[in-house]
Colleague: 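First the structure, then my questions, so here it is.
Chain letters run A, B, ... following the sequence lines, proteins first and then strands; every chain starts at 1.
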Amino acid sequence: MASRDVVQYETPLTRGFRWFSGVFIALYLVWTLLPILVMFVSSFKDLLEAFKIPAVGDWSGVGVFFDFTPTLKHYRDLFVNLDFSRYMANSLVAAGGSAVISVILGSMAAYSLSRIDFRGKSDLFFWIISTRMAPVVAVMVPLYAIFRSLDLVGTLPGLILAYTTFNLPFAIWILKGFFDNVPYAIEEAQMVDGATRFQAFVAILPLVAPGIGAFIVLCILFAWNDFLFAAIIGSGGAKTLPVATRELVQPQNIQWGSIMAAGVVTTLPMMLLGLVIRRYLVTGLTMGAVKE
Amino acid sequence: MTDITLSPENSLRHGESLFRVRQLQDNVEARPAPSRIAEPARLNPLPSKAYFFWLMAPAIILLACISIYPFFWMIYMSLHEVDIGSATWNNFENFTKLFTDTRYLKGWALLFQYSLMCLALQIGIGVFLAVVLNGARFEKVLVTALLMPMMMAPIVAGLVWYFLYNGTFGWYHWLFQSLGLLDAKSILASPNTAMLGIVLVDVWQWTPLITLITLAGLKRVPQDQLEANMVDGASPLRNFFSVTLPNLYPVLLIAVMLRFMDNFRFIDSALVLTGGGPGNATKILPIYLFEVSFKFFKLGRGAAIALTLLVVTIILGMILVKVFDRQQTRKI
């Protein structure tokens with residue numbers, strides 16, 4: 001950055017600020033990572049060990065946190081006794097299915113919207129994006145009534161359809177930005193060489209492929225992490241990981257170890273995927289308004 | 001000869017065909033040909049808008065089925081008393097009742113309180129963090145570490161924090177107590193602090209987004225302006241407020257709108273943390289709506305509440321899209 005070239009003399013004030021900012025970053029990191037650490041560590045603790053805590057004000061007692069014998073009991077419990085492998089498959093199918101449908105249909109629509117102009121285009125566009133912005137609970141009231149009459153409640157197709165309500169508009173909106181960046185001349189060149197329109201469309205797909213891949217992942221992330229749709233539309237036959245995790249919370253006898261282990265099972269794949277698409281994350285999470 | 005520009009905008013604007021090369025070829029063919037010209041084996045089909053509309057159709061139709069159709073259902077339901085399998089007209093009673101429903105009105109107030117508390121903390125911390133991180137050593141690694149909470153399912157985040165807040169074995173509760181901030185009651189158990197409890201979780205999860213957005217904005221602050229200001233003798237603090245911050249306003253506006261709408265959209269973590277309690281201290285409108293519709297199954301009333309919530313969100317969305325458009329024309 002150019003501003004570094006301007007000589008800036010160290011004054012007590014700037015040095016103080018540097019110190020302060022270092023401390024602030026450190027504190028913030030602790031605050032941000034601590035809950036995740038607690039989740040991971042608690043998932044390996046036996047029930048009684050998870051409840052151990054020092055007396056109020058006993059700062060030296062913090063070590064109790066690391067004082068335990070790790071056990072895989074909870075993970076075994078989840079997959080052997082509690083059918084978590086099926087919930088995981090449900091999550092995978094529902095999230096993956098809706099992501100693939102959304103991105104395929106979305107890229108076709110986004111390509112068209114990017115290439116032609118027609119009256120009412122901006123209205124159509126606003127309608128598309130407004131379906132994405134609608135509060136989940138508000139959308140769910142009529143959707144639940146409709147799905148119930150179609151017997152889609154509690155089935156995976158119903159859940160895939162429900163996730164498509166927010167993934168499809170997202171895909172169209174984001175991918176249009178991608179296609180806008182591909183010059184039309186490339187398709188023209190293809191067509192001059194004798195390609196059909198559809199072949200020309202297929203020919204430019206490699207140019208947007210990384211973006212499309214990233215947004216399949218992002219759609220999976222949104223759907224995987226969803227709770228409300230899964231709890232209402234998927235209840236019963238299509239239980240996903242977040243719902244199953246939530247159900248471990250019973251009024252009495254809360255199995256914290258299992259809940260934390262379920263949390264890890266739900267969270268870990270998405271954290272890894274998030275790192276893979278790190279470059280597209282800001283674009284995706286701001287609906288394309290901010291690019292890194 | 002007619003113009004032979006190939007740019008799609010030009011030809012489209014006049015409603016003519018997209019692809020002019022063929023016409024040029026036709027013109028050439030129209031001349032007396034010296035010898036036979038072989039027909040190309042396959043001609044490009046004449047491109048038309050119809051082709052694009054067909055390509056668009058599946059997505060639009062599907063979206064209509066899962067958004068417009070339910071929308072009309074919502075209007076229909078909001079005007080009826082809905083029971084399983086039956087709906088009876090009730091003279092706008094669902095709506096008129098809303099005006100006297102204190103929990104509904106309080107739900108709005110709490111929703112705005114919640115959103116504003118979240119936003120104030122997130123913007124304050126997020127922007128400061130971005131400024132401090134910008135150009136720092138290990139910036140990439142640090143930012144990646146900060147991203148982690150955003151990847152977590154909100155429901156899991158809620159559960160983990162529920163554990164941390166727990167009055168008997170929660171580590172944060174122990175910390176708050178040891179610091180003398182709380183008495184024996186957990187933060188979620190007291191009506192005065194419960195709201196802060198759910199706000200903190202949202203702040204924990206989404207402040208990194210504000211930081212990321214601000215970092216992206218900071219990279220685009222014109223360095224020459226900063227330098228000119230510095231050469232003129234401005235202090236770093238002055239530099240921040242008179243150059244950096246004004247340049248950040250557009251991205252910050254986007255960040256604010258996005259978070260504001262997400263606070264309307266998602267209630268997952270609040271639902272597990274307090275579920276609206278204690279009493280009704282954290283019963284923000286979406287939670288109240290969730291209860292009315294899916295706990296008491298008053299779908300008609302729920303639809304009426306949902307409609308009002310939807311209208312407000314759509315108005316917010318319109319503002320957001322306006323901002324987006326301005327952004328894109330400015331090429332930020």
Colleague: Look at the aromatic rings of B:Phe52 and A:Tyr111 and report parallel, tilted or perpendicular, splitting at 30° and 60°.
Modeller: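 B:Phe52 and A:Tyr111: tilted rings.
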
Colleague: Less than 4.5 Å apart, any side-chain heavy atom of B:Trp171 and any of A:Leu34?
Modeller: no

Colleague: Look up atom CG in B:Leu299 and atom CZ in A:Arg148, then write down how far apart they are to the nearest 0.5 Å.
Modeller: 6.0 Å

Colleague: Where is the tightest heavy-atom contact between B:Pro70 and A:Leu143, given as atom of each residue plus distance?
Modeller: CG-CD1, 3.6 Å

Colleague: Start with the C-alpha gap between A:Phe24 and B:Ile125, add the side-chain angles, then the distance that decides, and say whether side chain to side chain contact (heavy atoms under 4.5 Å, CB included) holds.
Modeller: CA-CA 10 Å; A:Phe24 184 82; B:Ile125 301 173; 4.0 Å; yes

Colleague: Using the six-membered ring wherever Trp is involved, compare the ring planes of A:Phe17 and B:Phe128 and label them parallel, tilted or perpendicular (cut-offs 30° and 60°).
Modeller: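 Aromatic pair A:Phe17/B:Phe128 classed perpendicular.
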
Colleague: At a 4.5 Å cut-off on heavy atoms, which part of A:Val243 comes close to chain B: side chain, backbone, both, or neither?
Modeller: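 Looking at A:Val243, nothing touches chain B.
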
Colleague: Measure distances from B:Tyr76 to the heavy atoms of chain A and classify the residue's part below 4.5 Å as side chain, backbone, both or neither.
Modeller: neither

Colleague: Between A:Pro35 and B:Tyr172, is there a side-chain heavy-atom distance shorter than 4.5 Å?
Modeller: yes

Colleague: Would you mind telling me which of B:Thr207, B:Leu307, B:Thr308 has the largest number of heavy-atom pairs within less than 4.5 Å of chain A?
Modeller: B:Thr207

Colleague: So what's closer than 4.5 Å to chain A heavy atoms on B:Ile155: side chain, backbone, both or neither?
Modeller: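 For B:Ile155, side-chain heavy atoms alone lie under 4.5 Å from chain A.
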
Colleague: Do you know which two heavy atoms are closest between A:Ala138 and B:Met74, and how far apart they sit?
Modeller: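 It is O-SD, 3.9 Å.
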
Colleague: With a 4.5 angstrom heavy-atom cut-off, could you sort out which part of A:Leu241 is near chain B: side chain, backbone, both or neither?
Modeller: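 The answer is neither part of A:Leu241.
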
Colleague: Where does B:Met77 contact chain A at under 4.5 Å (heavy atoms): side chain, backbone, both or neither?
Modeller: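 Side chain of B:Met77 only, per the 4.5 Å heavy-atom cut-off to chain A.
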
Colleague: Which atoms of A:Val38 come close to chain B, meaning under 4.5 Å heavy atom to heavy atom: side chain ones, backbone ones, both, or neither?
Modeller: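 Side chain only.
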
Colleague: With a 4.5 angstrom heavy-atom cut-off, is it the side chain or the backbone of B:Met148 that approaches chain A, or both, or neither?
Modeller: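 Both backbone and side chain.
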
Colleague: Just so I know, are the side chains of A:Ile25 and B:Leu133 near enough to count as touching, which here means a heavy-atom distance under 4.5 Å?
Modeller: yes

Colleague: Considering only heavy atoms, which portion of A:Phe126 lies under 4.5 Å from any heavy atom of chain B: side chain, backbone, both, or neither?
Modeller: side chain

Colleague: Does any heavy atom of chain B fall under 4.5 Å from the side chain of A:Phe20, the backbone, both, or neither of them?
Modeller: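 Looking at A:Phe20, just its side chain touches chain B.
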
Colleague: Output the option from A:Trp127, A:Trp256, A:Trp31, A:Phe201 having the highest count of non-hydrogen pairs under 4.5 Å with chain B.
Modeller: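 Most pairs with chain B among the choices: A:Trp256.
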
Colleague: Report yes or no: does B:Trp204 contribute a side-chain atom to a donor-acceptor pair with the main-chain N or O of A:Thr32 at less than 3.5 Å?
Modeller: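 At least one qualifying donor-acceptor pair exists.
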
Colleague: Tell me, out of B:Asp268, B:Ile305, B:Leu316, B:Thr144, who's got the most heavy-atom pairs with chain A below 4.5 Å.
Modeller: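 Winner by heavy-atom pair count: B:Asp268.
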
Colleague: Relative to chain A, which segment of B:Ile314 carries a heavy atom at a distance below 4.5 Å: side chain, backbone, both, or neither?
Modeller: both

Colleague: Tell me, for A:Ser149 versus chain B, whether the close heavy atoms (under 4.5 Å) come from the side chain, the backbone, both or neither.
Modeller: neither

Colleague: Could you have a look at A:Met39, A:Met270, A:Met108 and say which one has the most heavy-atom pairs with chain B under 4.5 angstrom?
Modeller: A:Met108

Colleague: Quick check on A:Ile104 against chain B: is it the side chain, the backbone, both or neither that has a heavy atom closer than 4.5 Å?
Modeller: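 For A:Ile104, no heavy atom lies under 4.5 Å from chain B.
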
Colleague: Name the region of A:Leu248, side chain, backbone, both or neither, that has any atom closer than 4.5 Å to a heavy atom of chain B.
Modeller: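 A:Leu248 has no heavy atom closer than 4.5 Å to chain B.
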
Colleague: At a 4.5 Å cut-off on heavy atoms, which part of B:Ile287 comes close to chain A: side chain, backbone, both, or neither?
Modeller: neither

Colleague: What part of A:Leu161 gets closer than 4.5 Å to chain B, counting heavy atoms only: side chain, backbone, both or neither?
Modeller: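 Both backbone and side chain.
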
Colleague: Could you check, using the six-membered ring where one of them is a Trp, whether B:Phe294 and A:Tyr144 have ring centers closer than 6.0 angstrom?
Modeller: yes

Colleague: Side chains of A:Tyr28 and B:Leu146: closer than 4.5 Å at any heavy-atom pair?
Modeller: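 Side chain of A:Tyr28 against side chain of B:Leu146, heavy atoms only: contact under 4.5 Å found.
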
Colleague: Using heavy-atom distances under 4.5 Å, tell me whether B:Phe266 contacts chain A through its side chain, its backbone, both, or neither.
Modeller: side chain

Colleague: Any non-hydrogen side-chain atom of A:Ile101 less than 4.5 Å from a side-chain atom of B:Leu62?
Modeller: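 They are in side-chain contact.
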
Colleague: Can you say whether B:Ile61 sits under 4.5 Å from chain A via the side chain, the backbone, both, or neither, judging by heavy atoms?
Modeller: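 Neither; nothing under 4.5 Å.
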
Colleague: Using heavy-atom distances under 4.5 Å, tell me whether B:Leu159 contacts chain A through its side chain, its backbone, both, or neither.
Modeller: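 Its backbone and side chain both get close to chain A.
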
Colleague: Quick one, B:Val272 with A:Val249, criterion side chain to side chain contact (heavy atoms under 4.5 Å, CB included). Give me CA distance, side-chain angles, the key distance, then yes/no.
Modeller: CA-CA 9 Å; B:Val272 278; A:Val249 184; over 6 Å; no

Colleague: Answer with side chain, backbone, both or neither: which region of A:Phe147 has an atom nearer than 4.5 Å to a non-hydrogen atom of chain B?
Modeller: neither

Colleague: So do the side chains of A:Leu272 and B:Met151 get within less than 4.5 Å of each other, counting heavy atoms only?
Modeller: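 The answer is no, as the side chains (C-beta and beyond) never meet within the 4.5 Å cut-off.
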
Colleague: Among B:Leu209, B:Asp262, B:Leu258, exactly one meets side chain to side chain contact (heavy atoms under 4.5 Å, CB included) together with A:Leu285. Which residue is that?
Modeller: B:Leu209

Colleague: Quick check on B:Met318 against chain A: is it the side chain, the backbone, both or neither that has a heavy atom closer than 4.5 Å?
Modeller: both

Colleague: Taking A:Thr131, A:Leu221, A:Ile232 one by one, which has the highest count of heavy-atom pairs under 4.5 Å against chain B?
Modeller: A:Ile232

Colleague: With side chains defined as the heavy atoms from C-beta onward, is the minimum distance between A:Met260 and B:Val160 less than 4.5 Å?
Modeller: yes

Colleague: Are the aromatic rings of B:Phe53 and A:Phe118 close, with centres under 6.0 Å apart?
Modeller: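 For B:Phe53 and A:Phe118, the ring centres are under 6.0 Å apart.
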
Colleague: Taking side chain as everything from C-beta outward and backbone as N, CA, C, O, which of these in A:Leu273 sits under 4.5 Å from a heavy atom of chain B? Side chain, backbone, both or neither.
Modeller: neither

Colleague: Where does B:Ala64 contact chain A at under 4.5 Å (heavy atoms): side chain, backbone, both or neither?
Modeller: both

Colleague: Taking the side chain from A:Asn225 and the backbone from B:Pro154, do they hold a donor-acceptor pair closer than 3.5 Å?
Modeller: no

Colleague: Should B:Leu289 and A:Val141 be marked as a side chain to side chain contact (heavy atoms under 4.5 Å, CB included) after you check the CA-CA gap, both sets of side-chain angles, and the distance that decides it?
Modeller: CA-CA 9 Å; B:Leu289 167 58; A:Val141 178; 4.2 Å; yes

Colleague: So, taking the atom named CD1 in A:Ile172 and the one named CE in B:Met56, what distance separates them when rounded to the nearest 0.5 Å?
Modeller: 9.5 Å

Colleague: Would you sort out whether A:Leu228 and B:Leu271 count as a side chain to side chain contact (heavy atoms under 4.5 Å, CB included), showing the intermediate values?
Modeller: CA-CA 10 Å; A:Leu228 284 177; B:Leu271 208 58; 4.0 Å; yes

Colleague: Does atom CZ (A:Phe40) have a neighbourhood of more than 12 heavy atoms from anything else shown, all under 6.0 Å?
Modeller: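 Result for CZ/A:Phe40: enclosed.
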
Colleague: Report yes if some heavy atom in the side chain of B:Tyr51 is under 4.5 Å from a heavy atom in the side chain of A:Arg115; otherwise report no.
Modeller: no

Colleague: If you take all heavy atoms of A:Leu168 and B:Ala59, which pair is closest and at what distance?
Modeller: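 Heavy atoms only, the tightest pair is CD2-O, 3.6 Å.
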
Colleague: How close do B:Ala145 and A:Leu33 get, counting heavy atoms only, and between which atoms?
Modeller: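 B:Ala145 and A:Leu33 have their closest heavy atoms at O-CD2, 3.7 Å.
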
Colleague: Considering all heavy atoms of both residues, which atom of A:Ile36 and which atom of B:Pro149 are nearest to each other, and what is their separation?
Modeller: CD1-N, 4.2 Å

Colleague: Using non-hydrogen atoms only, which part of A:Thr165 is less than 4.5 Å away from chain B: side chain, backbone, both, or neither?
Modeller: both

Colleague: Testing the basics here: between A:Pro169 and B:Leu63, what is the closest heavy-atom pair and its distance to 0.1 Å?
Modeller: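 So the two residues come closest at CD-CD1, 3.6 Å.
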
